[in-house]
Amino acid sequence: MESWLKRSGASGLHNLELADFPDTGRGVKTLRRFKQGENIFTIPHSVLWTVKHANDDPLLGPVLLSVQPSLSIDDTLITYILFVRSRTSGYDDRQSHIAALPTSYSSSIFFSEKELNVCSGSSLHATTKHLIQQIELDYKELVARLFDRHQDLFPRNKFTIDDYKWALCTVWSRAMDFRLHDGASIRLLAPFADMLNHTADVVQCHTYDPSSGNLSVLAGKIYDTGDQVFINYGPVSNNRLCRLYGFAIPDNRNDSYDLVLATHHMAPFFMQKEKLWVSSGLEANTTITLTLAEPLPDSVLRYLRIQRLDAAEIAAMLSHENDAASKMVSHSNEYEILTFLVQAISGLLNSFEPPLEKLEMQLAEGLYTAGSNSWSAAHVSLGEQRVLRSTKTKAQSFLTTLESRNGETGDLSSASAQCAKCKQKAAQLMRCGRCKGVQYCGRPCQVAHYKEHKSFCQAASIRA
Ligand SMILES: C[S@@+](CC[C@H](N)C(=O)[O-])C[C@H]1O[C@@H](n2cnc3c(N)ncnc32)[C@H](O)[C@@H]1O
């Protein structure tokens with residue numbers, strides 16, 4: 001592979017060699033000292049694996065371009081890799097890269113049931129199960145759309161589901177993504193650069209030059225001769241590391257929990273609430289990432305406040321143009337959502353098996369071999385449970401503060417005591433006789449507001 005890269009114009013490779021390292025496995029070793037920020041090596045555009053390279057291939061390109069709608073980026077790269085691997089002549093250079101790739105991967109999609117059960121209750125457990133099914137569906141679709149239609153190019157025995165999973169994990173664990181100036185992005189695999197392991201101790205130091213199309217790696221710190229060169233894969237949680245790369249980092253500062261918030265479309269006032277979620281920057285079905293740094297993001301509270309609104313509160317909120325749910329809606333609404341949140345997070349935590357303390361003990365006793373699949377699953381579970389515990393603590397402290405306020409109402413409940421049209425606050429307001437959900441200072445405002453109020457009024461009246 002190196003001779004192909006050098007012939008193609010790669011620079012800097014003579015200062016490096018591949019080597020095995022105790023914690024990370026195979027990686028790149030320096031043969032001289034590097035200053036921080038110094039260019040270590042550059043891989044030229046011609047040898048990269050991108051969608052454009054696949055489409056430009058004289059044999060594969062026309063077939064790929066005939067598929068409508070186009071294949072996804074990952075499916076294109078997977079097809080390209082498997083296609084090159086399957087050729088018996090004409091692809092020696094790219095095949096030298098494929099020959100250097102691992103023969104198997106340790107993504108959580110390859111975990112045994114027993115290994116995956118170490119993180120029972122975690123989002124990794126659920127996502128992995130879902131992914132395994134999704135990958136089979138994606139493969140079947142690719143077979144039907146491409147492989148079966150061109151069996152001369154894609155012999156069945158070299159494009160099996162196992163080949164597909166291997167190539168998928170090659171892409172997941174080795175592809176690099178870059179944002180381009182025009183807002184577009186590019187996903188690429190760079191031979192040799194894909195031998196670099198991850199550390200959070202350097203900032204991003206791999207760069208893509210859109211004008212030349214070359215990929216360069218700079219020194220993210222000072223390297224002495226014999227040191228391992230690292231790049232940073234980004235602020236990735238153990239869940240994602242385990243799923244895409246097949247490893248985990250103990251006490252990963254990027255650990256997170258993906259909280260799924262969903263409301264059934266038949267729920268009362270769904271349409272009105274959906275409008276409020278959208279105006280609040282949310283959706284009726286949304287996933288919010290809880291992190292150690294921000295275990296209870298405001299977006300979770302905004303979502304739940306809207307989900308638990310009663311008829312009068314919806315009416316008051318719909319007449320506010322700004323993001324009214326960013327503040328407490330009413331004492332009772334806030335009490336309800338915080339109580340619900342504490343219970344829901346407790347429920348999530350109870351579904352983890354083994355629970356946090358037991359896992360910590362098992363890890364301290366060396367029950368799981370460091371670096372093994374079970375050990376990685378244990379670290380994912382630990383990270384998610386720690387995040388959820390901080391979420392619960394924060395919700396509980398909000399609840400305590402709320403209770404100490406002794407029923408004092410927030411801004412929006414007083415907003416419901418104003419005219420829904422002119423916003424005038426008056427001691428004597430008349431309620432809409434039909435839905436009882438909004439109030440007006442007089443008949444003219446009620447008439448003027450009717451068009452806006454109609455859909456809410458009908459839904460509220462049906463519910464009543
Ligand atoms: C881009 S490749 C790096 C080269 C890889 N070690 C090899 O031998 O081909 C990414 C893979 O390297 C391994 N890896 C990278 N960083 C690691 C780390 N900090 N600890 C453990 N394994 C790591 C994981 O197996 C990951 O899927």
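Note that the numbering runs from 1 along the sequence shown for the chain. Numbering of ligands and ligand atoms starts at 1, following listing order.
- Under a 4.0 Å criterion applied to the non-hydrogen atoms of L196, ligand 1 contributes the atoms 1 (C), 3 (C).
- For atom 10 (C) of ligand 1, the candidate residues are F21, Y233, F230; the nearest heavy-atom contact is made by Y233.
- Heavy-atom proximity to S173, at under 4.0 Å, picks out these atoms of ligand 1: 1 (C), 2 (S), 10 (C), 27 (O).
- Under the 4.0 angstrom criterion for non-hydrogen atoms, D23 is in contact with ligand 1.
- Counted by atom type alone, S381 and Q385 present one or more donor-acceptor pairs between their side chains at under 3.5 Å.
- Distance from atom 20 (N) of ligand 1 to its nearest protein heavy atom, with residue and atom name: F247 CD1, 3.4 Å.
- Between the side chains of D209 and S211, at least one donor N or O sits under 3.5 Å from an acceptor N or O.
- Shown in contact with T24 at under 4.0 Å from a heavy atom are these atoms of ligand 1, numbered in order with element: 18 (C), 19 (N), 20 (N), 21 (C), 22 (N).
- With respect to D20 and R26, no salt bridge is recorded, no charged nitrogen being found less than 4.0 Å from a carboxylate O.
- Among all non-hydrogen protein atoms, the one lying nearest atom 8 (O) of ligand 1 is R26 NE, 2.9 Å.
- Shortest contact from atom 15 (C) of ligand 1 to any protein heavy atom: N197 OD1, 3.0 Å.
- Note on ring orientation: taking the six-membered ring where Trp is involved, the planes of F178 and H206 are perpendicular (angle over 60°, cut-offs 30° and 60°).
- No side-chain heavy atom of M176 sits under 4.5 Å from any side-chain heavy atom of L189.
- Between D194 and ligand 1, not a single N/O pair is under 3.5 Å apart.
- Proximity of a side-chain donor or acceptor of W49 to a complementary backbone N or O of V171 within less than 3.5 Å is not detected.
- Between the side chains of E115 and S374, no donor-acceptor pair is found at a separation under 3.5 Å.
- Closest to atom 19 (N) of ligand 1, if we only count protein heavy atoms, is H198 O, 2.9 Å.
- Within the listing of ligand 1, atoms 3 (C), 4 (C), 9 (O) sit less than 4.0 angstrom from a heavy atom of M195.
- Protein heavy atom closest to atom 25 (O) of ligand 1, with residue, atom name and distance, is Y245 O, 3.5 Å.
- If you check the side chains of H379 and D255, you find no donor sitting under 3.5 Å from an acceptor.
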